[in-house]
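For reference, the structure is listed below as structure tokens.
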Amino acid sequence: MIEIADVTVKFGGVVALDNVTLEIADDVVGLIGPNGAGKTTLVNAFSGFVRQAGGRISVHGTSLSDLAPHERARWGLARSFQKVQIVPDLSVADHLLAMLDSKGLSRAQCKEAVHHALDFVGIQNISSKMGRSLNPYQRRMTEIAKCLVGAPRLILLDEPGGGLSQAEMQHLRRVIRGIHPEYGAQILLVDHDVDLIRDVCASTAVLDFGKLIAFGNTNAVLEDEVVKTAYLGR
Amino acid sequence: MGRIFSYATLTGLGLLILALIALPLMLGALWIKVLTSAAIFALAAAGVALVYAQLGLINLAQIALIGVGGWIALRLNYATDLPVTLLVLIAGTLTGVIGAIFALPALRMRGLYLALVTLMVAALFQIFFNAFQFPNGGEGFWGVAQKSASEVRRPGFAESDVGYYRYTLIFMAIGFGVIGLHKITAPGRAWAMIRQSEANAMATGVNVTLYKLWAFALSGLLAGTAGALLAGALGQLDARSFLAGEGILLFALAVVGGVFSWVGAIVAGLLYKLLPALFNDLGLSADVAMIIFGAALMHAIMTAPQGIAGQILGAFNRGGSDD
Ligand SMILES: Nc1ncnc2c1ncn2[C@@H]1O[C@H](COP(=O)(O)OP(=O)(O)OP(=O)(O)O)[C@@H](O)[C@H]1O
Ligand SMILES: [Mg+2]
């Protein structure tokens with residue numbers, strides 16, 4: 001259960017999030033909106049990377065707003081970045097291990113968790129490859145696998161489909177659909193790809209100019225006239 | 001990230017044994033002393049290199065911190081009967097704490113600004129050392145008297161210059177080992193995440209402040225250890241050896257040597273201490289060394305970002321699996 005209450009974020013004169021209030025119970029939920037609508041800003045508010053002018057965010061009864069950013073990650077908030085974050089001189093497996101370092105697991109448990117996550121997203125074969133030599137698809141998958149280790153409670157994926165080919169998108173869909181059944185984490189998926197959202201998200205929220213303009217069953221939201229004009233716009 | 005017993009480590013251990021056994025047989029007393037100093041500064045250079053390679057932060061105050069470690073070691077040497085090795089460890093630890101404290105306000109800075117702040121810190125210590133000098137066995141807290149210095153103790157098993165040279169090399173090797181271990185375990189991964197971006201590190205659960213401080217503390221620990229070893233090597237420290245400008249030189253040489261490997265730290269130590277001594281031996285001015293340093297720095301910045309070590313190691317392996 002995610003509770004977003006009156007969240008406002010301003011950058012100078014720009015109101016990136018304007019009193020957003022939202023309660024999400026579904027396991028996989030979509031977040032869409034035109035460029036600059038505030039999607040990434042909302043994800044950053046979860047992470048604690050932006051200063052909120054007001055409002056609170058709690059997940060499963062824990063008030064994230066009271067935790068430092070790294071404490072939120074340790075609590076079980078995992079996320080991927082719109083601009084993928086891969087360290088050039090770190091192996092794929094080490095990216096995942098870094099996530100586990102703060103979780104107090106044994107060596108064997110870490111190894112097992114890394115193995116399982118890499119296997120789940122289908123990149124077990126490149127676990128010792130260095131970040132600098134990964135292709136865009138492998139980078140995305142590494143980042144998603146990183147979100148899966150260490151018992152995540154909420155996973156935020158910020159446009160994971162960006163820059164992928166059709167075939168890769170197919171695989172990504174299968175992976176995202178499988179995450180909740182396999183890992184039990186709730187998922188918030190930001191993407192421009194309406195097909196992907198329709199495919200994996202039970203409910204969807206729509207942001208426009210920092211305001212929440214629609215929320216509900218994905219198909220209903222996508223048929224909504226207001227959403228069509230704001231977002232699909234054509 | 002490599003394994004603990006990579007080729008580089010094994011080669012290093014081989015070289016260490018060679019340096020421990022063979023060099024004293026081949027070299028005279030003067031050169032053993034020079035190499036002792038080179039090893040000491042290599043240890044300190046490894047700290048500067050660590051902070052720069054792992055976090056991209058420039059620390060120009062390392063020579064000052066060597067002075068701090070030396071000061072603490074001398075102070076304890078005259079004030080207590082503690083075993084020398086314990087003195088070295090205490091001096092190292094305290095200097096690590098001091099290094100972290102001075103890094104605290106600098107944590108939000110990077111690049112040129114941080115470099116300037118560390119330079120100011122170095123200047124502060126330069127003034128301090130000039131004003132109070134290093135303890136030489138006198139009375140009172142500052143322990144300075146108008147007399148020739150009383151004896152600085154060395155460990156019983158390392159009284160001779162050759163013995164102390166070996167003692168120093170062991171410390172240097174342990175220091176490199178500690179750094180190497182950090183790089184392949186949790187701190188190394190945390191630093192890598194910070195390097196990528198602080199947001200990325202926080203999203204990975206890394207306490208950015210803590211790990212930055214830890215890098216500075218570790219670097220300070222190495223500087224303090226080096227300072228304590230230097231006090232034992234020279235028997236006395238002179239404020240003129242710890243000018244702020246020397247800190248810039250050590251950083252530059254660490255870059256020239258290569259910040260990504262212990263080989264680079266050794267190159268830096270040799271350039272800092274052995275090269276001037278060689279020139280002196282050949283009757284050349286020490287200024288020639290400075291000119292060579294300048295040219296080497298240009299070379300490193302323009303064509304060899306991994307330093308001389310990168311060029312040496314590059315000939316052997318390509319580092320990591322890229323395929
Ligand atoms: N750090 C920042 N400083 C200033 N303005 C910002 C910052 N981050 C975002 N903004 C502004 O806030 C608004 C929302 O941006 P945000 O990145 O959240 O949009 P988005 O919905 O993720 O867009 P996109 O689909 O392009 O990723 C935009 O007007 C953007 O310019
Ligand atoms: Mg965005």
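In what follows, every chain begins at residue 1, and chains take the letters A, B, ... in the order their sequences are listed. For the numbers below, each heavy atom of this structure counts, side chains included, while hydrogens, waters and symmetry mates do not.
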*May I ask you to list the residues in residues 67-76 of chain A that approach chain B closer than 4.5 angstrom, counting heavy atoms only, ordered by number?*
A/Pro69, A/His70, A/Ala73, A/Arg74

*asked:* Heavy-atom cut-off 4.5 Å, strictly under: side chain, backbone, both or neither for B/Ala199 against chain A?
replied: both

*Not counting sequence neighbours, which residues clear side-chain contact (heavy atoms from CB on, under 4.5 Å) with B/Met298? List them please.*
B/Met302

*Choice from A/Ile126, A/Ile86, A/Leu134 maximising heavy atom contacts with chain B below 4.5 Å*: A/Ile86

_Heavy-atom neighbours of B/Tyr52 OH exceed 12 at 6.0 Å_ = no

*Any side-chain heavy atom of B/Met193 within less than 4.5 Å of one from A/Leu90?*
yes

*Count the heavy atoms belonging to other residues, nucleotides or ligands that lie under 6.0 Å from CE of B/Met109, then report whether that count exceeds 12.*
yes

*For chain A, which residues from residues 203-218 of chain B lie under 4.5 Å away (heavy-atom distances)?*
B/Ala203, B/Thr204, B/Gly205, B/Val206, B/Asn207

*Please identify each residue that fulfils side-chain contact (heavy atoms from CB on, under 4.5 Å) with B/Ala173, with sequence neighbours left out.*
B/Leu16

*Side chains of A/Asp89 and B/Arg195: closer than 4.5 Å at any heavy-atom pair?*
yes

*Taking side chain as C-beta onward, heavy atoms only, is B/Met202 less than 4.5 Å from A/Ser47?*
no

*Is the count of non-hydrogen atoms from other residues, nucleotides or ligands lying under 6.0 Å from A/Lys103 atom NZ greater than 12?*
yes

*Would you mind telling me which of A/Lys146, A/Lys83, A/Arg79 makes a side chain to side chain contact (heavy atoms under 4.5 Å, CB included) with B/Asn200?*
A/Lys146

*Taking everything shown except A/Phe49 itself, do over 12 heavy atoms lie less than 6.0 Å from its CZ?*
yes

